[in-house]
There are 2 protein chains.
Amino acid sequence: MRCVTEKSEDKIKEAARRVFLKKGFDGTTSRDIAREADMNIALTNYYFRSKEKLFLEIFKDVLDEYIKDMLEILNRPIGLKEKISEMIENDFRMMKTEPDLIIFIMNEVHKEPDRLFSDNSICRLLESSLFVKQLDEGIANGTVRPIRMENILPLMKGCIEFIYVGKHIHKNLFNLNDDEFEKYAQEQKEHVKAMVCNYLMLKD
Amino acid sequence: MRCVTEKSEDKIKEAARRVFLKKGFDGTTSRDIAREADMNIALTNYYFRSKEKLFLEIFKDVLDEYIKDMLEILNRPIGLKEKISEMIENDFRMMKTEPDLIIFIMNEVHKEPDRLFSDNSICRLLESSLFVKQLDEGIANGTVRPIRMENILPLMKGCIEFIYVGKHIHKNLFNLNDDEFEKYAQEQKEHVKAMVCNYLMLKD
DNA sequence: GACCATTTTAAATGGTTGTTTAAATTATTC
DNA sequence: GAATAATTTAAACAACCATTTAAAATGGTC
């Protein structure tokens, strides 16, 4: 049975995740991780063999986390409009609880594209989702604008994740403090919801 | 006209820009830059005093480049709808010619927010742009949805820059090769144009 | 061609990197 | 409680880092 004190391996992994997300792979040293985990430097390699191996484990987790919620919502048995609203709300929630997640993924993949598994399992999960079925049905009966899932998803996620990925830039560009930025992000959320629904749904 | 043999200082700066944009500040070594510029390592410090100073010079240039075109279009004497179209086309052009630019800025600012000059000169330039005047006029006479410049700009730029910032992710997620991605990006461009205009312009 | 400032070079600086070692400590098994 | 295995430690490793040095090469001026 697990006791109150965490296993060293987990402590290191969690500490490493925190540091990697903040500083990226290149900006993080083994000593940073050891210090954050309050453990001896050698333990990183004792448990994970190398900084790279530890990183890849964490990167895989982070990527799964990013996609898991999205897939769950795409398959939820609710209407299209509500689904879009949920997707956007979920994105906002994620950006607030894990503000470093997106820029971390984007940047690491940008520097080393091969870190993305080359299998297309997620691709197939997306294509076979309930969301795609709903989209195709709506298009067939004329209630939905002809558009593919590949195009509509970034229209939702892009607008939201973009302002958080470039949070400091937008704070500076629009002269906002932290509170004002959050209010601004809320406004933006409602605009995105309205705009995407407005564009997707055809009324006749 | 340009001399045949470039000045060493410029050669180093251009080489450094290329490497920094690809690998980021942390991922770039002085030796990387020297190798790319085909020059001795000591010259980087001879001309720029330090890697940090060289980086800051380049970063300032890159940031200006990102904002200059946008401001010019915002002040161009053309109609709102055409202006939005031009903004989006310009964004696409930039993402194609300098695909690493946005993720580079985003990531460096994310890691070191103070690298952004704290003055709000750009902020004031945005607020006093012709675009804002046109927006306010349209809102006043009921042809444009009540929305602020801060909200509408990321609705345009976010959708487009997002798919390029996460190009490899989207290529993998949607199972696209390079050609297919460019076709996909073109589709996306048209969707964004239509969606934003559709949302912004009120017809009655 | 001697003089001087500028530019370029190879080599070295001290510090940090990821990783390893071998000894010390703790936990587990009988 | 001795023997064995698992964990943790301090120290060291070679490789690489940004930067500096001092000498060499270059170019222009008189």
* Asked: Thinking salt bridges, do B:Asp91 and B:Lys189 make one under a 4.0 Å N-O criterion?
  -> no
* Nearest-Å distance, CZ (B:Arg35) to P (D:dC16)? -> 11 Å
* Asked: Do other residues, nucleotides or ligands put more than 12 heavy atoms under 6.0 Å from the CG atom of A:Asn177?
  -> yes
* **Nucleotide D:dA18, atom P - distance to CG of A:Asp26 in whole Å** => 12 Å
* To do: Would you mind reading off the distance between A:Leu56 atom CG and C:dG18 atom P, rounded to a whole angstrom?
  => 15 Å
* Structure fact -> All heavy atoms of B:Lys111 vs all of A:Lys22, minimum pair found to be CG-O, 4.0 Å
* Asked: When all nucleic acid strands are considered with a 4.0 Å heavy-atom cut-off, which category describes A:Ser50: base, sugar-phosphate, or nothing?
  -> sugar-phosphate
* Reading 5' to 3' through nucleotides 6-13 of chain D, protein heavy-atom contacts under 4.0 Å coded B for base, S for sugar-phosphate only, - for none -> SBBBB-B-
* Which whole-number value in Å describes the distance from B:Phe48 CZ to C:dT7 C1'? -> 14 Å
* Would A:Lys13 and A:Glu9 pass as an ion pair if we require N to O under 4.0 Å? -> no
* **Salt bridge present between A:Glu82 and A:Arg76 (N-O < 4.0 angstrom)** => no
* State yes or no: are the ring centers of B:Phe162 and B:His170 separated by less than 6.0 Å? => yes
* Structure fact -> Between CG of B:Asn45 and P of D:dA22 the distance, given in whole Å, is 16 Å
* Cationic N near anionic O, under 4.0 Å, B:Lys23 to A:Asp26 -> no
* Expressed in angstrom and rounded to an integer, what is the separation of A:Ile12 atom CD1 from C:dT19 atom P? -> 13 Å
* Would you please indicate yes or no on a ring centroid separation below 6.0 angstrom for B:Phe104 and B:Phe20? => no
* Salt bridge check: are A:Lys133 and A:Asp136 linked by an N-O gap of less than 4.0 Å? -> no
* Below 4.0 angstrom, N of the basic side chain to O of the carboxylate: do A:Arg17 and A:Asp61 qualify? -> no
* To do: Scan nucleotides 23-28 of chain D nucleotide by nucleotide, 5' to 3', and note B when protein non-hydrogen atoms come under 4.0 Å of the base, S if they reach only the sugar-phosphate, - if neither.
  => ------
* Mind calculating the distance between CG (B:Asp10) and C1' (C:dT7) to the nearest angstrom? => 15 Å
* To do: Quickly work out the A:Asp32 CG to C:dT17 P distance and round it to whole Å.
  => 7 Å
* B:Lys51 NZ/CZ over B:Phe25 ring centroid, <6.0 Å and within 45° of normal -> yes
* Structure fact -> Rounding to the nearest 10°, end axes of the helix from C:dG1-D:dC30 to C:dT17-D:dA14 built from five pairs each make an angle of 30°
